[in-house]
Structure formats: C-alpha cells, structure tokens
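This report refers to the structure that appears directly beneath it.
In what follows, chains are A, B, ... by sequence order, proteins preceding strands, each numbered from 1. Quantities reported herein were computed from a predicted structural model and do not represent experimental measurements. Hydrogens, waters and symmetry mates are skipped; everything else that's a heavy atom, side chains included, is used.
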Amino acid sequence: MIVRFGYVAMSLEIQDSSPSKTMTMARFARLPDRESGLRELERIASINLHNTLRLLRHNIAEGIEVYRFSSKLIPLATHTDLADWNPFIALAEPFAEIGALVRKHNLRVSFHPDHYTVMSTPRPEVLVSSVRDLRHHVNMLQAMGLDARAKNNIHIGGAYGNKPASADRFVEHFAELDFDIQSRITLENDDKTFTTGETLAVAQRTGLPMVLDIHHHWTNSEGEPASDWWQEVAATWESPLARTDVPDGEHLPPKIHASSPKSETDRRSHADGVEVKPLLDFLREAAKTSSHIDVMLEAKHKDHALFQLMRDFEMYKNEGVTKLSGAKIEVQP
DNA sequence: ACCTGTCAAGTCTGG
DNA sequence: CCAGACTTGACAGGT
C-alpha cells in the first residue's frame with residue numbers, strides 16, 4: 001500500500017508564512033470608511049493566498065502531496081454584515097495560480113470548515129450559516145479551478161440529546177444542498193459525539209466518502225481497533241457521489257487523519273508529533289484491503305512532525321516499510 | 001518585547 | 001436560563 005502524508009495549513013519550516021492572517025470586526029468598523037475596509041480585507045486575503053502558494057512550493061520541494069488549506073484565507077468572508085462583498089473578483093488571479101500548481105503536481109488538497117458548520121442542527125438560522133460556510137468553501141475551490149476531487153471535510157454535528165434524530169436531520173439537510181456542495185463533502189468521525197460506526201452509517205446513507213480519524217476513534221469508540229472499520233470506510237470512497245470528477249479507471253485514495261494524544265490526562269488534544277507505532281499498526285491492517293491511502297497529520301508541529309515521522313519510519317525498514325521519495329512510504333500488510 | 005483578553009460563528013455541561 | 005469550557009492563531013491593547 002502506498003501511503004502519502006500531509007499536514008494542515010501552516011509550516012514551522014517556512015518563516016512568516018501564515019495563510020490565516022485576519023482582521024476583527026472591531027478593527028473593520030474603526031477604518032475610515034467601508035470601501036477602505038474592504039480593500040484592507042482583500043489585501044490581507046492576498047497575503048494569505050501568497051503564503052499558501054509559498055507553502056505549496058515548499059510542499060512540492062519536499063515531496064509532500066497532501067495538504068489542507070486554511071479556512072481563514074479570506075477574513076470575515078461569510079460575515080453577515082459583508083454579505084454584498086464579493087472578494088473573488090480582486091482575488092481571482094492568486095486563487096487561479098494556486099489551483100494551477102495543485103493540478104500541475106497532482107496535489108491532494110482539502111478544506112476543513114470549522115465547527116460552526118453544523119448540518120445536524122435543528123435551528124434554521126444555524127443551518128443557513130452552515131450552508132453559507134459550505135458555499136464559501138466551494139467558491140474557493142472553484143476559484144482555484146479545482147474539481148470535486150478536492151473536498152471539504154466536516155463532522156456530522158451536535159447530538160441534541162437524540163443522536164439518531166440528529167443523524168436523520170443531517171441526511172435531510174444534506175439532501176437539500178446544491179450538487180456542487182454535496183459532491184465536495186467528506187464526513188469525519190468526531191472525538192466526542194458521532195463514533196466511527198455512526199458516522200459510517202450516515203456516509204452510507206448519503207453516499208458521502210468518510211475520512212477516518214484514528215485519534216478521534218481512540219477517544220470515542222467502544223475500544224475496538226479502528227482497523228475493524230477499514231474495509232467499510234474505504235468502500236465509501238467508491239460511491240458514485242464520492243467519485244464525482246474521478247476519471248474512469250482511476251481512484252481517489254481513501255483518507256485518514258492521524259494524531260497522537262497530548263498526554264495521559266489530556267487524551268483528546270493533539271500532541272506536538274505523531275507516534276509512529278500505533279499509526280503503523282493501523283496502516284498494516286489497512287494495507288490488507290487498500291492499495292493507496294492518504295494520511296493527514298494533525299500535530300502541533302505541523303510539517304516538522306511530518307519530517308520526524310518520516311525519519312521514525314526508517315526504524316521499520318526491515319519490517320515491511322519502504323521509504324519512497326518525498327513524504328511517501330510503502331507498507332506491506 | 002512580552003503578556004493577556006478577545007474574536008463572527010455552536011454545542012454541551014454544570015450551576 | 002446563563003456562564004464557561006472547548007480549541008485556535010492572531011489581533012489589539014496594555015505594561
């Protein structure tokens with residue numbers, strides 16, 4: 001099984017490369033007029049996009065083919081007070097440049113709209129803002145000229161005291177979404193509420209592909225190994241919806257998230273790095289059913305954690321782990 | 001230079 | 001019913 005690794009949003013290696021610079025509403029309101037406020041927001045966004053380009057070039061140089069964009073590329077983009085502002089006109093060029101680089105190097109990219117996107121909500125106003133946020137993320141992918149192979153990863157949402165009813169609500173609300181939003185969603189099990197099995201059931205009902213977070217699974221499961229679910233999770237990536245824009249005969253590899261607990265007392269927070277052994281145990285099991293898998297590392301030390309992990313895999317070179325070029329390995333079952 | 005409170009947004013728990 | 005925790009990087013204001 002070929003395993004590609006990636007990291008989230010920021011680099012510790014490249015200095016001053018934040019793709020998430022922002023402006024608060026308080027500062028926006030203090031600017032002399034609305035027009036100059038919008039120009040300042042667009043200026044910040046273009047810095048974020050420029051830094052994203054720098055990070056992608058860094059990734060390409062290091063052979064890192066998996067990357068998650070910051071969701072904060074455009075500050076205040078979905079704020080209700082700025083609903084009539086269209087930042088994509090001024091930012092068309094940098095967005096297109098990012099997309100061109102992604103396509104040229106076959107990078108696997110994604111977004112992760114944050115936890116305010118809650119499709120299981122019973123509150124109409126929360127649903128409206130959730131759909132607005134999803135629309136915004138699709139708009140960014142489309143501004144990059146990327147097809148539905150680039151996904152927005154979300155959780156199912158809150159339980160509201162009745163998980164089955166909340167799962168039903170997710171499915172109902174999902175059915176109402178535009179197809180270009182639907183076809184770009186992936187569903188991830190969370191660390192407190194919807195377990196791997198519960199998330200998988202919703203993925204199967206909607207046809208959505210599922211991202212398995214093995215750290216969340218450890219903190220939110222009955223204790224069964226995450227790999228017990230792998231065959232079924234991997235199968236969600238073959239549904240017609242998941243395969244939107246995937247050419248015949250090709251596959252979009254299933255994706256997992258990997259991170260390690262910060263400490264014994266705080267098992268849910270992310271540690272600086274990623275422990276190699278538990279991840280490798282999972283990968284060996286997954287290799288029994290899959291030929292390719294992409295792994296998004298969620299560690300505080302970002303790309304440094306990735307580099308460390310790649311070094312750590314060398315300890316297993318006599319145990320079926322082969323280091324390939326860049327941030328890639330091959331794992332034997 | 002460094003420290004601390006705050007940020008647009010949701011949900012859940014505990015008081 | 002409301003305040004605070006959760007979690008996060010960066011801003012903003014203070015020392």
| message | Between C1' on C:dA5 and NZ on A:K192, what's the gap in Å once rounded to a whole number? | response | 8 Å
| note | To the nearest angstrom, the NE2-P distance between A:H79 and B:dG10 comes to 11 Å
| remark: Residue pair A:V118/A:R132 against DNA chain B: nearer the 5' end by closest nucleotide is A:R132
| Do the side-chain N and O atoms of A:S183 and A:T244 include a donor-acceptor pair separated by under 3.5 angstrom? | no
| task | Tell me what A:K21 touches on the nucleic acid: a base, only sugar-phosphate, or nothing, going by heavy atoms under 4.0 Å. | result | sugar-phosphate
| request: Take atom CG of A:L12 and atom P of C:dT8, then tell me their distance rounded to the nearest Å. | output: 14 Å
| Are side-chain N/O atoms of A:R169 and A:S166 paired as donor and acceptor at under 3.5 Å? | yes
| task | Side chain of A:V126 only, please: which of C:dG9, B:dA8, B:dT11 is the nearest? | result | B:dT11
| field | C:dC6 pairs with, by Watson-Crick or G-U criteria that keep both distances under 3.5 Å | value | B:dG10
| To the nearest angstrom, how far is A:H115 atom NE2 from C:dC6 atom P? | 13 Å
| field | Closest to the A:R27 side chain, choosing from B:dA8, B:dG10, C:dC11 | value | C:dC11
| A:L76 has an atom CG; how far is it from atom P of C:dC11, in whole Å? | 12 Å
| message | Expressed as a whole number of angstroms, how long is the span from A:D114:CG to C:dG9:C1'? | response | 12 Å
| Is A:T24 side chain donor-acceptor paired with the C:dA10 base, going by distance under 3.5 Å alone? | no
